[in-house]
2 protein chains.
Amino acid sequence: MSDDQSPAVTIASIAAAAGVSVPTVSRVLNGRSDVAPQTRQRVEQLLRDHGYQRRGGRPRGRARLVDLVFNDLDSPWAVEIIRGVEDAAHAAGVGTVVTAIHRRASAARAWLDNLAARASDGVILVTSDLDPDLHSELRSLHVPAVVVDPAGVPALDVPTIGATNWAGGLSATEHLTGLGHRRIGFVAGIPTLWSSRARLDGYRAGLETAGLPFDPELVVEGDFGYESGARAAHRLLGLAEPPTAVFAANDQMALGVYEGVRRSGMRVPDDVSVVGFDDLPEGRWSSPPLTTVHQPLAEMGGLAARTVLRMVDGETIESPRLELSTRLVVRDSTAPTQLRPVSRVGS
Amino acid sequence: MSDDQSPAVTIASIAAAAGVSVPTVSRVLNGRSDVAPQTRQRVEQLLRDHGYQRRGGRPRGRARLVDLVFNDLDSPWAVEIIRGVEDAAHAAGVGTVVTAIHRRASAARAWLDNLAARASDGVILVTSDLDPDLHSELRSLHVPAVVVDPAGVPALDVPTIGATNWAGGLSATEHLTGLGHRRIGFVAGIPTLWSSRARLDGYRAGLETAGLPFDPELVVEGDFGYESGARAAHRLLGLAEPPTAVFAANDQMALGVYEGVRRSGMRVPDDVSVVGFDDLPEGRWSSPPLTTVHQPLAEMGGLAARTVLRMVDGETIESPRLELSTRLVVRDSTAPTQLRPVSRVGS
DNA sequence: TTGTATGCGTTATCAA
DNA sequence: TTGATAACGCATACAA
């Protein structure tokens with residue numbers, strides 16, 4: 001006798017319950033447009049109630065659209081990541097939908113509705129502190145997701161792409177110690193973000209390698225903003241024994257340090273060497289051009305796009321977190337300590 | 001007798017010619033998914049051959065997607081425009097697809113194919129020097145288009161949104177003359193772009209207003225890039241009678257001027273005042289923060305989005321070109337001439 | 001009316 | 001085989 005404890009929820013059973021044909025249910029599942037809104041709702045409800053599960057992979061049709069979601073587009077990273085994602089998606093013949101949800105649930109809802117209506121194939125989230133039940137929502141829509149995470153928030157259960165923050169902090173610090181600096185200030189970022197912690201720890205490791213002591217007085221907390229960098233520089237330069245070099249946890253704060261140095265009547269790099277982190281265009285065009293740790297944002301975006309597209313094709317991604325390597329870019333904001341007395345005009 | 005000189009190209013006649021049903025042709029016209037690729041191609045060909053024209057407006061369904069097309073995403077304007085477009089589109093429940101076509105016809109083709117397949121509702125082009133037959137292609141797809149044009153290329157026959165470049169050049173120059181400057185250098189942009197011409201003419205008008213002569217020696221041609229600004233500054237400061245202020249036709253060149261000034265051992269604004277044009281974040285975070293002419297890029301993007309969405313709804317747009325006004329933002333890179341002797345240490 | 005768009009079933013097809 | 005998607009036509013619902 002066949003036991004009927006699991007009646008095998010199939011598309012056909014849903015169709016029967018909803019009083020529609022099998023293809024109609026299939027259309028709802030695949031977000032096709034030609035289903036009446038009422039019918040769609042009824043079917044979606046039944047799918048949920050009966051706990052329908054897809055059999056084999058997703059439909060084989062090629063992806064057409066991926067969604068790239070930010071909290072805010074005024075983050076200086078945004079363009080770089082957009083570039084990387086657009087490039088990789090475009091190469092695969094896939095369009096890139098960019099959205100900013102400003103941390104508002106209403107905006108996220110509107111976006112999700114739009115996403116479902118146009119049957120997006122995959123989602124790349126750059127917004128790390130995201131409403132957790134947004135993820136379950138995405139799961140129920142069967143849309144694969146990947147997180148790009150330059151900020152370094154603890155990973156969720158989706159593939160995450162980051163950068164080697166610790167190694168970057170280390171190489172920046174080693175560069176400065178290599179130039180002969182022995183008192184090196186650090187302008188930290190928001191302490192709750194892992195990336196900040198990792199960069200700070202890299203800094204400490206760099207000091208240790210050079211046999212230098214860690215002096216808490218030389219670490220000032222910032223908020224990743226320009227102004228906090230300027231304030232930090234002011235504080236560091238006012239110390240009894242001021243640093244000869246400053247490593248800021250991102251480029252914006254590094255440029256703020258420039259401004260703080262300028263306000264103190266000093267010059268970069270003659271009086272103070274400065275190193276940043278991110279390698280944004282802002283730093284390339286500063287005066288002097290900024291020595292900084294390059295974070296491969298475009299590559300991270302490209303990898304994220306290729307990863308979601310593989311997921312769309314039914315592949316399962318093995319490693320939950322991937323870190324691309326940072327690298328130091330030496331420009332003109334750092335100089336050896338020895339040169340300092342020479343370059344000053346007076347005293 | 002009815003004359004049969006115009007056999008009234010209807011969907012039905014196309015359907016007959018293609019050997020398909022009327023709904024199938026309708027689906028092709030509306031970019032629906034459930035049409036076989038071959039069938040779609042055959043029908044599209046016939047629609048073109050017979051010169052089919054839509055009867056009443058577009059279908060009444062709300063817009064879901066607009067396309068935003070750049071030549072390159074590494075333009076510093078890009079983010080600002082994306083922000084403006086995304087914001088306005090999102091508010092209307094519409095998604096924003098961002099694409100870069102890198103001036104390559106192949107990329108444009110791939111984008112158009114994707115666009116047709118997902119039935120985009122409207123297009124915003126930021127890429128001004130665009131393949132002209134791309135426009136006809138768009139027209140045949142019945143997708144409305146708008147051009148956002150900060151570069152100032154001659155208008156096509158689609159609604160165009162720009163900024164008041166001439167007025168911006170004027171206000172920048174008046175600001176400098178108002179501070180007492182009498183020798184004011186100008187770093188021009190690419191001379192073939194109208195925006196460059198307009199800014200230059202605004203500069204000349206500003207000099208005239210203050211009763212100052214126009215000295216061709218004080219105008220150096222740049223290419224809108226950082227390095228060309230640095231070179232221009234070097235040349236201007238090497239003149240027998242160097243300028244005390246420099247107005248650069250965009251922010252990147254203005255920051256290049258900073259660098260040129262720094263390389264000459266001088267300081268901004270103590271020795272040379274600098275004004276830029278665009279008001280990009282790069283200028284806000286420079287040291288000293290840059291006085292510049294604000295170009296309302298985000299507003300331009302927002303207006304463009306609202307305009308295409310109105311066109312999607314069947315409205316016809318009256319004015320072919322619209323210019324949003326620029327405004328001077330005074331920060332710390334400009335100072336009165338009188339202060340100069342005081343702030344110098346030596347001589 | 002006539003022209004066009006929508007919703008959904010039928011039939012064929014395809015993957016496991 | 002069976003579960004699922006693809007392609008297209010019929011009937012109908014609208015708009016001019």
Side-chain angles (χ1 to χ4, degrees), chain A residues 2 4 6-44 46-47 50-64 117-119 121 141-142 312-316, chain B residues 2 4 6-44 46-47 50-64 116-119 121 141-143 312-316:
Chain A
S2 71
D4 53 5
S6 68
V9 187
T10 141
I11 244 188
S13 65
I14 301 289
V20 294
S21 70
V22 168
T24 299
V25 178
S26 170
R27 280 190 273 252
V28 170
L29 276 168
N30 293 292
R32 293 309 182 74
S33 49
D34 48 355
V35 179
Q38 306 165 15
T39 310
R40 180 182 299 262
Q41 293 235 333
R42 197 167 68 240
V43 171
E44 276 175 344
L46 286 164
L47 284 168
H50 293 232
Y52 173 80
Q53 292 293 337
R54 271 210 150 76
R55 302 269 176 272
R58 303 203 93 228
R60 49 205 163 297
R62 303 290 312 143
R64 297 264 70 101
R118 39 183 179 72
D121 299 285
L141 284 168
H142 300 99
V312 169
D313 287 350
E315 281 187 55
T316 26
Chain B
S2 70
D4 53 5
S6 67
V9 187
T10 138
I11 250 189
S13 65
I14 301 288
V20 295
S21 71
V22 168
T24 300
V25 178
S26 171
R27 280 190 269 255
V28 170
L29 277 168
N30 294 293
R32 293 310 186 77
S33 49
D34 47 358
V35 179
Q38 306 165 15
T39 310
R40 165 169 274 138
Q41 292 235 334
R42 197 168 69 242
V43 171
E44 276 175 344
L46 286 164
L47 283 168
H50 293 232
Y52 173 81
Q53 292 292 336
R54 272 208 149 76
R55 301 270 175 272
R58 304 202 93 230
R60 50 210 163 294
R62 303 288 314 142
R64 298 263 70 101
R118 44 185 174 68
D121 299 285
L141 284 168
H142 300 99
V143 179
V312 170
D313 287 350
E315 280 187 55
T316 27

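Quantities reported herein were computed from a predicted structural model and do not represent experimental measurements. In what follows, every chain begins at residue 1, and chains take the letters A, B, ... in the order their sequences are listed.
- A:A12 is linked by a side chain to side chain contact (heavy atoms under 4.5 Å, CB included) to A:T10, A:V22, counting only residues two or more places apart in sequence or in another chain.
- Under the side chain to side chain contact (heavy atoms under 4.5 Å, CB included) criterion, B:A17 pairs with B:L46, not counting sequence neighbours.
- Checked against D:dA6, C:dG3, D:dA11, the side chain of B:P23 finds its nearest nucleotide in D:dA11.
- When distances run from any side-chain atom of B:V20 to the nucleotides C:dG9, C:dG7, D:dG9, the shortest one goes to D:dG9.
- The closest donor-acceptor contact from the side chain of A:R42 to the backbone of A:A18 lies under 3.5 Å.
- Comparing C:dC8, D:dT5, D:dC8 by their nearest atom to the side chain of A:V22 picks out D:dT5.
- Note: CD1 (B:I14) to P (C:dA5) measures 13 Å, nearest angstrom.
- When each of A:T39, A:V20, A:I14, A:V35 is checked for a side-chain contact (heavy atoms from CB on, under 4.5 Å) with A:V28, only A:V35 meets the rule.
- Contact between the side-chain N/O atoms of B:T39 and the OP1/OP2 oxygens of D:dA7 is not found at any separation under 4.0 Å.
- You won't find any donor-acceptor pair under 3.5 Å spanning the side chain of A:R40 and the base of C:dG7, going by distance alone.
- Considering only the side chain of A:I11, D:dA4 comes nearest among D:dA4, D:dC8, D:dA11.
- For A:R27 against C:dG9, a side-chain N or O and a base N or O form a donor-acceptor pair under 3.5 Å.
- Nearest nucleotide to the A:T24 side chain, out of D:dG9, D:dT5, C:dG9: C:dG9.
- When the nucleotides C:dG3, D:dG3, D:dA7 are ranked by their closest atom to the side chain of A:T10, D:dG3 comes out on top.
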